[in-house]
Every structure is written in C-alpha cells, then in structure tokens.
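Whatever order the structure lists them in is the order used to number ligands and atoms, beginning at 1.
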Amino acid sequence: MENKEIARLLQETADLMEIGGEDAFRIRSYRNAAAAIEGHPERIADLLHRSDRKVTDIPGIGKGLAAVLGEIVARGSSERRDAWLARFGPVALDMLRIQGLGPKGIRLILDRFPVRSLDDLEKLARQEKLRTLPRMGAKLEEKILRSIAQVRRTAGRFLLSFADGLAEELTGYLAHVPGVEQVAPAGSLRRGKETVGDLDLLVTGSAAPAAVLDRFVAHPGVREVLGRGDNKASARFGPQGLQVDVRALPRESFGAALQYFTGSKEHNVAIRTRAVRMGLKLNEYGLFRADTEHLVASETEEQVYAALELKWIPPEMRENLGEIELAAEDRLPRLVKLDEVRGDLHMHTRESDGRATLEEMAEAARGLGYEYIAITDHSKALAMTNGLDERRVVEFARRCRELNARGLGIHIFSGLECDILRDGAMDLAEDALAELDFVVGSVHSHLNLEPAEMTDRMLRALESPSLKVIGHPTGRLLLHRDGYRFDFERVAEEAARRGVWLEINASPERLDLEPALLRMAKARGARFVIATDAHHPKHLAHMRYGVILARRAWLGPDDILNTQSLRDFRAALGKS
Ligand code: DGT
Ligand code: CA
Ligand code: CA
Ligand code: ZN
C-alpha cells in the first residue's frame, strides 16, 4: 500500500471521528499523521518491516498510531475506523464524497434524519428538508444533488493511471510463465479512457492456459478470485478492488480477440455490421465467411481490419465517431505521438507547492529529452501554496534569463500559473506578468459560480494581454468533481480569436479537457498545449496520459504547440 492511500485512510478515519463528535485533539493527531505520511519519502509499508528504523521515528506518530498503521497496511482498515463505520453505516463514507458536505454537515444531517443511503440524502435535498438545518440553504441542496449524480456516474471506476500501473505490474508478472509471448491490455485501458471500469488482459503464446491462470490467481495483490474457467479468470485486486479479467488465447486468434476485447462496444457493433454486409462474420475467434465458415483473418488486428477493407484504426479512436468511414477511405488523421512532444509547459517547484527545485525539474525534463520547459508556480492568491507576488515574479524572470544565459542544456521559459480571480481579473498586475515568457491562467477558487458569471469571468481573463494559456480549462477532478459550469464553446471560440491556447492537462486526476470538448474547441479554431502540471520530477512522466487524451480527440502534432522546436515555439510565443 502506498503512502498516499494510507494518508487517505487516516484522513477518512479522522472525518468519521469528527462526524461522531470525538475529541478534537485526537482528530488533529490523525490529520497531522496523515500529512506527515503523505510527505514521507519512504514507503511506510516497507518501514513497518524494518528493524533498524521505526515508524514512531516520524514526528507525529506515536505508539498508538503506529499500531493503527500496521492494521491499515495489513487489511485496509483499523479497529477505530471499523467501529465508526459500524455505527453510522457505509453511508457516512458515501456522504464524505459529496461536494459541499463536510464532517460537521454530515453530523447535523445524521443527527436529525435517518439516512441510510445516498438515495435517502437525495430525497431530503429534493424535498427541501436540508435547508431547515443551520447554515444550509437552497444552494447547498442544489450542489449536493449535482454531486450525488456525479458520484453515481463514477462509482466503481478507477483512474487510467491506476489501472495502467496494475496492468504494467501484471504484464511483467505473467510474462514469467514459460511459453508466454505476449501480454496485452485491451478494453478501455487500451483505448486510453480517462477512467477504467475493469482491466482486460489478453495473454498468448505456447503456455498452457491453466499455467497462465494459475499464476494470475496466485498474485499477492489478489483480494478475491471472482471466477475461473478454462481460458479466463477474474479477480479483484488491492483494497480498492479493481477487477481484472485475464484471457489466455492461442496465437492464431490473438488479433481477433484483441480487436474484440478492445472495443468499444459501439465501434465493434459498427465493425460487425460492416462484416455482415460483406458476407462475413466477426467474433473473438476470427473473421469468417458467413456461408462456408472459412477463416479469413484472425492472427493480427491489422489482418482483421485489412480483410474488412479498412486501415488499422488506433485504439484511442475506436468509439464509432466516424473513424470507420475514414479508415475505409484511407483518410484517418495522423495522431500526435509522445516522442513528438518537445517540452512540458506546466510545472511547480518549491517556490510554491512543488516538491523539487527548478534545477531538479529541469534536470528531469532534460532526461526525458525535452528542449524546453516552462516553470509555472502559483500566484499569490493561492496563499497556502506561498504563491508568487509581483516582486517575486520579476525576480524569477530575471533568474531564468540568467540561467538560460549560462545554459542548462534545456531552455527555461519563465512562467506562472496565475490565478484568475472571481471577477476574471488576473491575480498579478500586468506590468509584472509582462516580464514573464509564459502566463497560464487558471481558476482555483469560487468554482461554483452560476454559468453566466463563470463564462464572463473566463472571457474577461482572456482580455489579459499577457495570458498565453488557460490551464485545466474546466477544472474537473476525475471521480471527484465535475468541471465548472460555463459556456465552454464561447470561451473556446474567444480563446481561438485572441490566440490564447487551451491546456490539455496530463495530470491523471484531471485529464482536462475531455475529448468531446477538445473536438468542439478544435472546430472553433482553438489550439492546444499538453502539460503535466507536475509537482514532482516523477510527474513529468504523466505526459503520456495527456498525449493519449489528445489522440482520443483525434489531435495531431499541428494542433499541439509544444511539438514545435524551441525556435518555432518561441516565435509562436512572440518572445525572442
Ligand atoms: P470499462 O471496463 O467499463 O472501462 O469499459 P470496457 O470498454 O473495457 O468494457 P468491458 O470491460 O466490459 O469490455 C471490454 C471490451 O470487450 C468492450 O469494449 C467490448 C468487448 N465486449 C465485451 N463484452 C461484450 C459484449 O457482450 N458485446 C460486445 N459487443 N462487446 C463486448
Ligand atoms: Ca474493461
Ligand atoms: Ca472486462
Ligand atoms: Zn492549477
């Protein structure tokens, strides 16, 4: 178990304690421990097994909490957490996921009304009963209803990066079975969807299916085996319970199976209809003549598509949104590729809430082969991040000029992630912003304005002459909160008109903008940058998720500004 997950469980326990009205001092000790663990450089799960050092050496962790940590790592919960959950029921955890409700609000509600599920909470909001409680009103009821809908939509889904990490681990693990030649993820993971319901892994080679499945169900991360047949097994992994389906297939039908299990369902339905029109029949075993059952293609996906008189279609495009027609006419767009990205344009350092220095970020970026980066720390409105004020911005721009003159082996654009204030004004004065190469404007506060007001706010931000990019334009946090409500189309159109680019935020929790919005923006003439929003050198590797997102929106290298060489990118910026 990773430190982040341990910290999350401690915070959750603290929330439950707060709902229960437990002693404030004890609650604070849990929250402090969570913060200490989240920031701790070494895995707590490893530390628990060491004899030379102890978790109690970490400030804020005493004997009591050390025992709790042991329980959490061993079984994903603790006695105290279980006790509170038994008292409130699982609805308490569901309610904690609702935007606008904190432990105090939940306590008020549970004290007054019998709530056993989100359905009950929804009823209370609809019947306008929540507003009878202190400090709760119609606005909050509305917000709660929106959030319940959001939670329902995302229940049982996982971040792409999480599923991808497990897929990578299992791929290496299954490759150890003698005879296994290929382990390939299929399903939504292969299509690069921002969230994944379950993981579909296909295995092929000369290994006996039973040997593959035996090893699979013996993986130490398996929490529960859900089913086991001759060629297929399903199991749940880890405390979060992500389901993995593994299929062991003969080489001869691997391409057909990969095509079938990659989906999407909509794409496959259209492909099968095409097959039928051609007198063919397509299933997971192969493409056959409908009349004679004669096998036409099955070994590779390329062969299957070719036999259907189609160009091979990249998995990210397989959503039946017109890609089949384009493949038939050999007019598929050329999609952007990871190795075409030449710089990362959104990252934080210790100057605000990042974990590394400018030099460390630059070094890591150079290691990835980039020609340039923009350092974009927060501005002063985000006070808890120690955001930069005008004086620090001017100083920082000067420092970047010096570093570039000295030569770091990578060009540093002096940037800023400048807060867009409630009224649409930039957080810092224009004369300070004008010193910088690269100003990203982002909304981080007042996320729940009425759509018209939010639209005006964004449109006003676009008037800033220094603004180059709108950062994470909708502000969504996957599985957690929807984006701000505003007239996106109008903002995208105005951004295009003013030459302000839209950010494809590659952070796995954001992946903002979603493909439908990217397509809409492109149709309005907008252009894009892909950037990781890294707060640590290792986050720079998230670029690949941003590229996948761009590919899902059919974007090519010409749509993405940071595929340009340093010279061309500088020219595009209007900076010499
Ligand atoms: P997910 O897991 O919800 O993120 O989405 P997918 O696309 O991975 O869906 P999943 O795991 O149910 O199935 C993987 C692919 O297999 C799916 O995209 C299409 C194909 N597939 C599976 N079962 C069926 C089926 O009953 N009918 C059709 N047409 N396709 C299926
Ligand atoms: Ca799946
Ligand atoms: Ca599946
Ligand atoms: Zn931001």
If you count the atoms of ligand 1 from 1 in the order shown, which ones are under 4.0 Å from a heavy atom of [X]?
| X | result |
| --- | --- |
| D198 | 2 (O), 11 (O) |
| R191 | 7 (O), 18 (O) |
| V196 | 4 (O) |
| G263 | 17 (C), 18 (O), 19 (C) |
| T262 | 18 (O) |
| F261 | 14 (C), 15 (C), 16 (O) |
| G197 | 1 (P), 2 (O), 3 (O), 4 (O) |
| D200 | 8 (O), 11 (O), 14 (C) |

Is the distance between the Zn ion (ligand 4) and the nearest N/O/S atom of [X] smaller than 2.8 Å?
| X | value |
| --- | --- |
| E417 | yes |
| H346 | no |
| H378 | no |

Which heavy atom of the protein is the closest neighbour of [atom], given with residue, atom name and distance?
| atom | result |
| --- | --- |
| atom 8 (O) of ligand 1 | S188 N, 2.8 Å |
| atom 29 (N) of ligand 1 | R272 NH2, 3.1 Å |
| atom 28 (C) of ligand 1 | K265 CG, 3.9 Å |
| atom 27 (N) of ligand 1 | Y260 OH, 3.9 Å |
| atom 3 (O) of ligand 1 | R157 NH1, 3.1 Å |

- [ ] Any chance you could measure D437, atom CG, to S466, atom OG, to the nearest 0.5 Å?
- [x] 11.5 Å

TODO: First locate atom CD1 of I375, then atom CG of L345, and finally report the distance between them rounded to the nearest 0.5 Å.
DONE: 10.5 Å

Open item on the list: For H267 and E319, which I'm curious about, is there any donor-acceptor pair between the side chains at under 3.5 Å?
Closed with: no

Open item on the list: Check for me whether D245 has a heavy atom closer than 4.0 Å to any atom of ligand 1.
Closed with: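 Outside the 4.0 Å threshold, so no.
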
Open item on the list: Contact between ligand 1 and H267 is defined here as a heavy atom of the residue under 4.0 Å from a ligand atom; is it met?
Closed with: no

TODO: Kindly assign one of parallel, tilted or perpendicular to the pair F569 and F438, based on the angle between their ring planes and the thresholds 30° and 60°.
DONE: tilted

- [ ] Please work out which of the three classes, parallel, tilted or perpendicular, describes the rings of Y545 and H542, given edges at 30° and 60°.
- [x] tilted

Task: Heavy-atom check, side chain of R146 versus side chain of R485, under 4.5 Å - done: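 Contact flag for R146/R485 side chains = yes.
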
TODO: Flag the pair V393 / L436 as yes when at least one side-chain heavy-atom distance between them is below 4.5 Å, and no otherwise.
DONE: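 Yes, at least one pair of side-chain atoms sits under 4.5 Å.
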
Task: Residue among E194, E509, Q150 satisfying side-chain hydrogen bond (donor to acceptor under 3.5 Å, both in side chains) with R476 - done: E194

Open item on the list: Less than 4.0 Å from atom 12 (O) of ligand 1, is there any heavy atom belonging to the protein?
Closed with: no

TODO: Kindly say whether the aromatic ring centers of H444 and H446 come within a distance under 6.0 Å.
DONE: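 H444 vs H446: aromatic centres not under 6.0 Å.
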
- [ ] Mind listing the closest non-hydrogen atom pair of L199 and L242 along with its distance?
- [x]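 L199 and L242 have their closest heavy atoms at N-CD1, 4.4 Å.
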
Open item on the list: Within rounding of 10°, what is the angle whose vertex is the Zn ion (ligand 4) and whose arms end at NE2 of H472 and NE2 of H444?
Closed with: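 About 100° at the Zn ion (ligand 4).
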
Task: Salt bridge E301-R190, side-chain N to carboxylate O under 4.0 Å - done: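 Salt bridge: yes.
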
Open item on the list: Surrounding CZ of R490 (heavy atoms of other residues, nucleotides or ligands, distance under 6.0 Å), is the total greater than 12?
Closed with: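 12 or below, so no.
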
Open item on the list: Please determine whether side-chain hydrogen bond (donor to acceptor under 3.5 Å, both in side chains) holds for the pair T204 and E181, giving the CA-CA distance in whole Å, both sets of side-chain angles, and the decisive distance to 0.1 Å.
Closed with: CA-CA 6 Å; T204 192; E181 282 158 22; 5.9 Å; no

Task: Degrees at the Ca ion (ligand 3) between the OD2 atom of D245 and the OD1 atom of D200, nearest 10° - done: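 If I round to 10°, I get 90°.
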
